S.K.: 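Sharing a structure, written as structure tokens. Questions coming.
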Protein chains: 2
Amino acid sequence: MKDQSTEENILKAAISVFQKKGMAGARMQEIADEAKINKAMLHYYYKSKQKLFEAVFRQAFEKFAPHINQVFNSDKSVFEKITEFTDSYISFVMENPYLPNFLIQEINNNPEFADLFFGSEIAPNPFRFKKQIAEEIEMGILKPIDPKQLLLNLFSLTAFSFVGTGLVCGILNLDERKFKSMMEERKILIPELLINSIKK
Amino acid sequence: MKDQSTEENILKAAISVFQKKGMAGARMQEIADEAKINKAMLHYYYKSKQKLFEAVFRQAFEKFAPHINQVFNSDKSVFEKITEFTDSYISFVMENPYLPNFLIQEINNNPEFADLFFGSEIAPNPFRFKKQIAEEIEMGILKPIDPKQLLLNLFSLTAFSFVGTGLVCGILNLDERKFKSMMEERKILIPELLINSIKK
DNA sequence: GTCTATAGCCAGATAGAC
DNA sequence: GTCTATCTGGCTATAGAC
């Protein structure tokens, strides 16, 4: 936790502030305060707010992509993938609650910038998953379904609660404790719901 | 479309800009340009950026709440509610694609401000819906389910695609045309999925 | 009610001492 | 590498003419 280089300290503080406030809402001074260093150091190490933001975005994208790739590229069955993704994704996001929303907002705000990442090697590629679905339909394990709709259902059910936490808790009258216990329940409920809907 | 009062023009422009950029990212100059009037007029009519934002937020909340209340307070059966909400909500959001995300972001950023709305009369109240679920379980129409999890599933499945459009289209490789046609399909798929999972 | 001009502030960025 | 002091630009807001 200590003995980190200043550069690592800055990045860590920047992650915290940018993920909560977004590019437009974040302040360099706040990042400096969080890192307990002088504001000038941010520019010494990262040149500009934009460059620092890009480092944070890259880090967030790289942390997030493996969860998707686990679904797209592992050798597990579709049922196993759904179960394991749900569990590991919800656990992951409970530890990093601002990450999905940060990615979503900044991708929406800078589509051209985001395309840089979707074009790269670390970007998730649904090709193998589509093939797997086709095979399992062929084998009579799955009903004939659209793989993209299945993925969209899976992502929606797991991610939305964390992106819209405030609205969800407001409408459903949830405090933090109830919210968390519902998320734990969802680790079971979501795979059940999805698997039942696609198994032949 | 024309002959609107300046005040209406301003609000309309402010809605457009605030919903796309959020409070932190919006610029008074951009709102003035969009309304094709002088920047000083914004302050003449709405005093400050904050006040103008609040007018936009209120408008958005009031436009959104009836969709939720339709589920919470109408006399339809649970199955009908699911079907009708999905259809009307997706149609509504295709016409107002920035609205759900705007509400979500600003509620996340100003929880205390949002509580003002969740405490008010126009705020959706899940009380009747919970009672209805209990009754339909009692009658043997529904499996024993948690009404809050059902609502969360319904909101997640319908709203997430519009909140995370950029991320979703990036991961699933969708252009605008494909995205829209998937949303049309979802008007059927979502009620099917949810109703099958809860009917006894 | 509508405009021009500008005040005043705040945030990002840099110069320069140490 | 780290700090203090300061520049610069941009944005909200207002004063005041018409």
Side-chain angles (χ1 to χ4, degrees), chain A residues 1-60 98 102 105-106 108-110 112-113 116, chain B residues 1-60 98 102 105-106 108-110 112-113 116:
Chain A
M1 197 59 77
K2 55 183 186 171
D3 273 3
Q4 291 174 115
S5 74
T6 304
E7 190 170 349
E8 284 167 341
N9 251 324
I10 291 174
L11 185 60
K12 209 166 161 182
I15 289 168
S16 162
V17 175
F18 273 123
Q19 287 194 5
K20 274 180 221 158
K21 308 279 177 82
M23 174 63 180
R27 293 291 165 258
M28 294 296 266
Q29 185 61 60
E30 194 181 348
I31 296 173
D33 292 347
E34 177 110 1
K36 295 196 180 67
I37 48 124
N38 191 280
K39 193 169 61 125
M41 298 307 290
L42 302 180
H43 291 93
Y44 177 78
Y45 283 100
Y46 287 91
K47 197 71 191 163
S48 69
K49 185 184 181 185
Q50 179 65 28
K51 289 262 192 298
L52 182 52
F53 168 78
E54 285 169 18
V56 170
F57 185 89
R58 175 169 307 107
Q59 189 271 358
Y98 295 102
F102 169 75
Q105 295 320 312
E106 302 306 331
N108 283 341
N109 292 338
N110 318 292
E112 64 302 330
F113 172 66
L116 239 134
Chain B
M1 196 61 75
K2 55 183 189 172
D3 274 4
Q4 291 173 114
S5 74
T6 304
E7 191 170 348
E8 286 168 340
N9 251 323
I10 291 174
L11 186 60
K12 209 167 163 183
I15 289 168
S16 162
V17 174
F18 274 122
Q19 287 194 5
K20 274 179 222 160
K21 308 280 178 83
M23 174 63 181
R27 294 292 165 257
M28 294 297 265
Q29 185 61 60
E30 194 181 349
I31 297 173
D33 293 347
E34 176 110 1
K36 294 194 180 68
I37 49 122
N38 191 281
K39 196 170 57 130
M41 299 307 291
L42 302 179
H43 291 93
Y44 177 77
Y45 282 100
Y46 286 91
K47 197 70 192 163
S48 70
K49 184 183 180 183
Q50 180 64 30
K51 288 260 192 299
L52 182 52
F53 168 79
E54 285 169 18
V56 170
F57 185 90
R58 176 171 306 107
Q59 189 270 357
Y98 295 102
F102 169 73
Q105 295 320 312
E106 301 307 330
N108 283 341
N109 292 337
N110 318 291
E112 65 302 331
F113 172 66
L116 240 134

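Sequence lines set the chain letters: A, B, ... in the order given, protein chains first and strands last, and positions in each chain run from 1. These numbers were taken from a predicted model, which means no experiment stands behind them.
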S.K.: Please state how far atom CG in A/Leu42 lies from atom P in D/dT4, giving the value in whole angstrom units.
M.R.: 14 Å

S.K.: Can you tell me if the side-chain N/O atoms of A/Tyr46 get under 4.0 Å from OP1 or OP2 in C/dA13?
M.R.: no

S.K.: What residue pairs, at least two apart or across chains, pass salt bridge (charged side-chain N to carboxylate O under 4.0 Å, His left out) with a residue in residues 33-55 of chain A?
M.R.: none

S.K.: Check DNA chain C against residues 13-24 of chain B and give the residues with a non-hydrogen atom under 4.0 Å, in numerical order.
M.R.: none

S.K.: Is the phosphate of D/dT2 approached by A/Thr6 (side-chain N or O, under 4.0 Å from OP1 or OP2)?
M.R.: yes

S.K.: Could you tell me which residues satisfy side chain to side chain donor-acceptor pair (under 3.5 Å) with B/Glu30, sequence neighbours excluded, listed by chain and number?
M.R.: B/Lys21

S.K.: Who are the side chain to side chain donor-acceptor pair (under 3.5 Å) partners of A/Glu106, not counting sequence neighbours?
M.R.: none

S.K.: Hey, what are the protein-to-nucleotides 12-16 of chain D N/O distances that come in under 3.5 Å?
M.R.:
{"residue": "D/dT12", "atom": "OP1", "partner": "B/Met28", "partner atom": "N", "Å": "3.3"}
{"residue": "D/dT12", "atom": "OP1", "partner": "B/Lys49", "partner atom": "NZ", "Å": "3.4"}
{"residue": "D/dT12", "atom": "OP2", "partner": "B/Met28", "partner atom": "N", "Å": "3.1"}
{"residue": "D/dA13", "atom": "OP2", "partner": "B/His43", "partner atom": "NE2", "Å": "3.2"}
{"residue": "D/dA13", "atom": "OP2", "partner": "B/Lys49", "partner atom": "N", "Å": "2.7"}
{"residue": "D/dA13", "atom": "N6", "partner": "B/Lys39", "partner atom": "NZ", "Å": "3.3"}

S.K.: Passes side chain to side chain contact (heavy atoms under 4.5 Å, CB included), A/Ile31 versus A/Phe18? Steps please.
M.R.: CA-CA 8 Å; A/Ile31 296 173; A/Phe18 273 123; 3.8 Å; yes

S.K.: What is the ring orientation for B/Phe113 with B/Phe53, classed by angle as parallel under 30°, tilted 30 to 60°, or perpendicular over 60°?
M.R.: tilted

S.K.: Once ring pair (Phe, Tyr, Trp, His ring centres under 6.0 Å) is applied, do any residues pair with A/Tyr44, and if so which ones, sequence neighbours excluded?
M.R.: none

S.K.: Can you check the B/Glu7 CD to C/dT2 C1' distance for me, whole Å?
M.R.: 15 Å

S.K.: Contact between B/Met23 and B/Gln50 at the side-chain level, heavy atoms closer than 4.5 Å - yes or no?
M.R.: yes

S.K.: Counting only heavy atoms not in A/Tyr46 (residues, nucleotides, ligands), do more than 12 fall under 6.0 Å from its OH?
M.R.: yes

S.K.: In this structure, how many angstroms lie between the P atom of C/dG12 and the CD atom of A/Glu30, rounded?
M.R.: 10 Å

S.K.: Whole angstrom is fine here: how far is it from OH in A/Tyr45 over to P in C/dA13?
M.R.: 18 Å

